[in-house]
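Step one of this worksheet: look at the structure below.
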Amino acid sequence: MAAHRRSAHRKPKQRPLTGPAARTAATLALAGAATAGSVTGAGAAPAELAPTAAQVKAKVDRLYHDAEVATEKYNGAKEKADAATRTVDALTDEAARRTDRLNTARHALGSLATAQYRSGTLDPALQLALSSDPDAYLERASYLDRAGDRQTGLLRNIKRQVARIAQVKSRADQETERLAARRAELREHRTAIRTKLADARKLLDTLTADERADFERSADARHDGGPAHADRSTTRGGPVAAPDSRAGQAIAFAHGAIGKPYVWGATGPNAFDCSGLTQAAWKAAGVSLPRTTYTQINAGQRIPRSQLAPGDLVFFYSGISHVGLYIGGGQMIHAPRPGAPVRIAPIDQMPFAGATRVA
């Protein structure tokens, strides 16, 4: 009986599959393995593809444009920082001059006090005015009533000088704070420009020599309307007809700048950015333009594209981030971008945003 129970609990031996059954099992096993493999790989991130040359070129163009936008913001911040610096310097000079006048008044008052002291009649108001603590004088100015006419005039003058010096110094402190904010803004825009240009250079370095040469040729074509420097023979020709002598002088200056490098923040004489070139050109004609594209567009009379004349300023992109000097025939002189010197180009190569007549 016991032997029978033990034999009943034994697992029957599995016989190996042979023939068609074996082939079916193998097929199912392989299918299961393939399914498991596909499920396992479903969550894995695909390998990131390297950007194509066309994608690199497009991104470099965007970076150059973004750098130019940041350049105009830098130019605007620098203009404001320079103005704040001049204001602080002027206030500092004014405070120094007023302090000199105060010292002169106190000296005159001291001479009067010396005379009274020798006679034994030094007025209390003079004692207070000659104190090293001018605040005490301002708080106790009632002593003026005790002084004679001459003393009263001197004391009132000192009181006015002390009050005015305090005002000037307070304003100088405020302008110094503004200057610090402008300088911080300058650093921010400078960093943005350098970062974008560095990123552009890194991307260009991923191209082959042939691809990079092709990019430069295509960039020149976009800015010049043809192969690089194809129109250079026309840039030093005779004078361009201009509506007046000042426009002619501005155009002549721009012609003289052709071939000089683009450098962000530069206003000449050896390098320019786009608004630096137009500002310098009109300065040569005796006209003062503001520093940035978005302020230059408001520096004269807005005109439609159909009425463009040589000497007009032409602006591009929705953010008014680029400017050139129109010279007639659908052409302008402008400073295009880093690596591209000042040159003649058609105005159709960039999104037209408006035009301004300066003179």
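No hydrogens, no waters, no symmetry mates; every other heavy atom, side chains included, goes into these values. Numbers here are sequence positions counted from 1. Please read all numbers here as calculations on a predicted model, not as lab measurements.
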Rounded at 0.5 Å granularity, tell me how far [atom1] in [X] sits from [atom2] in [Y].
X: Lys59; Y: Asp66; atom1: NZ; atom2: CG; answer: 10.5 Å
X: Thr293; Y: Lys73; atom1: OG1; atom2: NZ; answer: 10.5 Å
X: Arg62; Y: Lys196; atom1: CZ; atom2: NZ; answer: 11.0 Å
X: Arg101; Y: Arg97; atom1: CZ; atom2: CZ; answer: 7.0 Å
X: Asn75; Y: Tyr294; atom1: CG; atom2: OH; answer: 7.5 Å
X: Arg305; Y: Leu308; atom1: CZ; atom2: CG; answer: 7.5 Å

Legend entry - Residue of the set Val88, Asp93, Thr87, Asp89 for which side-chain contact (heavy atoms from CB on, under 4.5 Å) holds with Leu91: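 Output: one option passes, namely Thr87.
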
Find out if a path of hydrophobic residues (ILVMFWY) with successive side-chain heavy-atom gaps under 4.5 Å connects [X] to [Y].
X: Ile165; Y: Val168; value: no
X: Leu179; Y: Leu186; value: no
X: Val69; Y: Val263; value: no

Less than 4.5 Å apart, side chain to side chain, heavy atoms only: is that true for [X] and [Y]?
X: Ser321; Y: Phe316; answer: no
X: Leu289; Y: Lys283; answer: no
X: Thr85; Y: Arg183; answer: yes
X: Val60; Y: Leu204; answer: yes
X: Glu211; Y: Thr206; answer: no
X: Ile333; Y: His255; answer: yes
X: Arg291; Y: Thr267; answer: yes
X: Ile251; Y: Leu325; answer: yes

Heavy-atom closest contact ([X] atom, [Y] atom, distance):
X: Glu68; Y: Cys274; result: OE2-SG, 3.6 Å
X: Phe272; Y: Ala257; result: CE1-CB, 3.7 Å
X: Leu63; Y: Ala200; result: CD1-N, 3.6 Å
X: Pro310; Y: Pro243; result: O-CD, 3.2 Å
X: Val342; Y: Ala335; result: CG2-CB, 4.0 Å
X: Met332; Y: Gly324; result: SD-CA, 4.0 Å

Does [X] reach the main-chain N or O of [Y] with its side chain, forming a donor-acceptor pair under 3.5 Å?
X: Asp312; Y: Ala309; answer: yes
X: Arg182; Y: Glu79; answer: no
X: Trp282; Y: Gly311; answer: yes
X: Arg160; Y: Ile158; answer: no
X: Glu177; Y: Gln174; answer: no
X: Thr356; Y: Ile297; answer: yes
X: Lys260; Y: Pro269; answer: yes
X: Thr99; Y: Ala95; answer: yes

Inset, instruction - Any chance you could lay out the salt bridge (Lys or Arg N to Asp or Glu O under 4.0 Å) test for Arg212 and Asp205, step after step, and finish with the verdict? - result: CA-CA 8 Å; Arg212 184 160 184 169; Asp205 288 342; 3.1 Å; yes

Examine the side chains of [X] and [Y] and answer whether a donor and an acceptor come within less than 3.5 Å of each other.
X: Gln296; Y: Thr278; answer: yes
X: Glu72; Y: Ser275; answer: yes
X: Gln167; Y: Arg164; answer: yes
X: Thr292; Y: Thr295; answer: yes

Legend entry - Output field: ring centroids Tyr317/His65 closer than 6.0 Å: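 Yes: the rings meet the under 6.0 Å criterion.
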
Legend entry - Pair Asp61-Arg337, side chain to side chain contact (heavy atoms under 4.5 Å, CB included): steps then yes or no: CA-CA 10 Å; Asp61 277 338; Arg337 60 175 177 82; 5.8 Å; no

Inset, instruction - Tell me whether the guanidinium CZ or amine NZ of Arg190 lies under 6.0 angstrom from the six-membered ring centre of Tyr74 and within 45° of its axis. - result: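 Judged by the rule, Arg190 and Tyr74 form no cation-pi pair.
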
